[in-house]
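Worksheet for the structure shown next.
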Amino acid sequence: PQTAYLCRETDWVSDAEDIWLYSHEECLADKKKQASNFRHIEEESNKYAAARITQTVGNKIIVVNPPYPPMSQEELDRSFDLPYTRLPHPKYKGKRIPAYDMIKFSINIHRGCFGGCSFCTISAHQGKFIVSRSKESILREVREVAQLPDFKGYLSDLGGPSANMYRMKGKDESVCRKCKRPSCIHPKVCPNLNTDHRPLLDIYRAVDTLPGIKKSFIGSGVRYDLLLHQSQDAAINRSTAEYTHELIARHVSGRLKVAPEHTSSRVLSIMRKPSFEQFETFKKIFDRINREEDLRQQLIPYFISSHPGCKEEDMAELAVITKRLDFHLEQVQDFTPTPMTVATETWYTGFHPYTLEPIFSAKTQREKLAQRQFFFWYKPEERKNIINELRRIGRADLIDKLYGKRK
Ligand code: SF4
């Protein structure tokens with residue numbers, strides 16, 4: 001398991017259950033075939049028991065064996081309970097490592113993510129099935145961190161690939177074992193998914209009572225669509241509301257980072273992200289809890305420009321919407337192709353791997369900068385270019401919305 005190798009065609013014995021991809025040469029000649037190959041790769045990496053994948057390359061065959069099944073909790077605990085020094089490699093002695101500053105007082109409580117965002121490689125690294133550490137293992141690590149010489153009582157993160165998926169899994173695991181959905185929450189939360197936040201609340205509360213811990217912050221990204229989801233079970237809905245309150249009132253270090261990623265429903269659907277209305281609903285809840293608790297915390301939304309499917313017009317509308325919500329964006333990214341993601345395959349091939357529909361992607365520097373500038377509509381130096389661009393794309397109607405009445 002978990003290996004790929006190249007072998008001679010004459011040495012290969014195929015199995016009826018193997019998945020045969022279009023050959024490397026066919027993909028070079030036809031990018032649609034490459035796109036269609038990727039669907040299998042993603043589906044198999046998100047299955048409980050994946051098939052073996054094979055592809056002909058010249059007179060050889062690449063064989064991709066299935067990955068190992070998800071770890072058990074005991075195996076995960078064992079891997080976290082090893083006697084790590086928690087220090088950077090000695091070759092960095094005396095040097096400041098910004099990434100180390102960020103993680104030195106943070107605790108990873110689970111692995112895996114069932115979000116399935118199109119641009120993210122977590123499904124390729126860790127898969128969609130969540131494996132959670134036991135409470136004992138987490139508390140043991142927190143106690144160790146509390147003993148570190150420069151620890152002042154503040155944990156920077158109690159999280160994972162997504163902050164709020166701890167212990168979440170299918171109610172009927174036999175259904176999950178056959179499932180190949182890339183996301184358990186997009187386009188809708190799967191009715192088989194148990195979205196109970198109580199085990200996570202229990203971890204936060206247990207950590208906060210440990211000696212030496214003044215506060216535990218949540219630095220990992222929170223999936224607000226899970227917080228807004230109404231399940232059939234009233235107790236689970238109460239736990240979600242309680243979690244939301246506790247998160248915002250006690251675990252935000254001044255700024256809570258969330259990732260709506262875009263405002264356009266069409267782009268968000270290609271990204272496999274929830275609708276922007278859900279972000280707006282969450283913002284109202286965030287603002288209300290802040291008022292009630294007399295806190296002045298900020299919600300920091302992350303956005304991406306030039307994602308496959310995103311056009312300049314979508315970015316222009318994003319500028320108008322973020323202006324209406326009074327956001328001056330700072331945390332933004334220009335889409336960068338990352339191997340093994342559905343977004344990158346769409347970007348490279350021009351086709352969506354699942355629907356095989358053609359999808360536009362901004363690729364040239366000019367196209368990408370034209371999209372990116374809309375994030376910064378509030379900067380005086382961007383204003384002239386944005387106005388010119390809005391005229392060029394036939395959306396002069398948005399000029400007033402961004403800059404008020406023109407003289
Ligand atoms: S059945 Fe539902 S909960 Fe289970 S893996 Fe599939 S999408 Fe996720």
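Numbering of ligands and ligand atoms starts at 1, following listing order. Please read all numbers here as calculations on a predicted model, not as lab measurements.
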Requested in this report: Do me a favour and list the nearest non-hydrogen protein atom to atom 8 (Fe) of ligand 1 with residue, atom name and distance?
Outcome: C184 SG, 2.3 Å

Requested in this report: Check ligand 1 against R181 and write out every atom of the ligand that is under 4.0 Å from a heavy-atom position of the residue.
Outcome: 7 (S)

Query - Modelled atom types, side-chain donor and acceptor of T281 and Q278, under 3.5 Å - result: no

Report task. Counting heavy atoms only, name the option from K128, K169, K188 that's nearest to atom 5 (S) of ligand 1. Result -> K128

Query raised in the report: Between the side chains of Y354 and E42, does any donor sit under 3.5 Å from an acceptor?
Result: yes

Query raised in the report: Quick check: does C179 put an N/O/S atom under 2.8 Å from atom 6 (Fe) of ligand 1?
Result: yes

Query raised in the report: Quick one: do the H251 and S216 side chains pair a donor with an acceptor below 3.5 Å?
Result: yes

Requested in this report: For the residue pair Q297 and N290, confirm or rule out a side-chain donor-acceptor distance under 3.5 Å.
Outcome: yes

Query raised in the report: Would E173 count as a contact of ligand 1 if the rule is a heavy atom under 4.0 Å away?
Result: no

Query raised in the report: If you look at every heavy atom in Y100 and R86, which pair is closest and at what distance?
Result: OH-O, 3.1 Å

Query raised in the report: Is the closest side-chain heavy-atom distance between K33 and S36 below 4.5 Å?
Result: no

Report task. For N192, counting its heavy atoms only, list the atoms of ligand 1 lying under 4.0 Å from any of them. Result -> 1 (S), 4 (Fe)

Query raised in the report: In terms of atom number and element, which parts of ligand 1 are under 4.0 angstrom from non-hydrogen atoms of C190?
Result: 1 (S), 2 (Fe), 3 (S), 7 (S)

Report summary line: Ranked by distance from atom 4 (Fe) of ligand 1, the top protein heavy atom is C176 SG, 2.3 Å

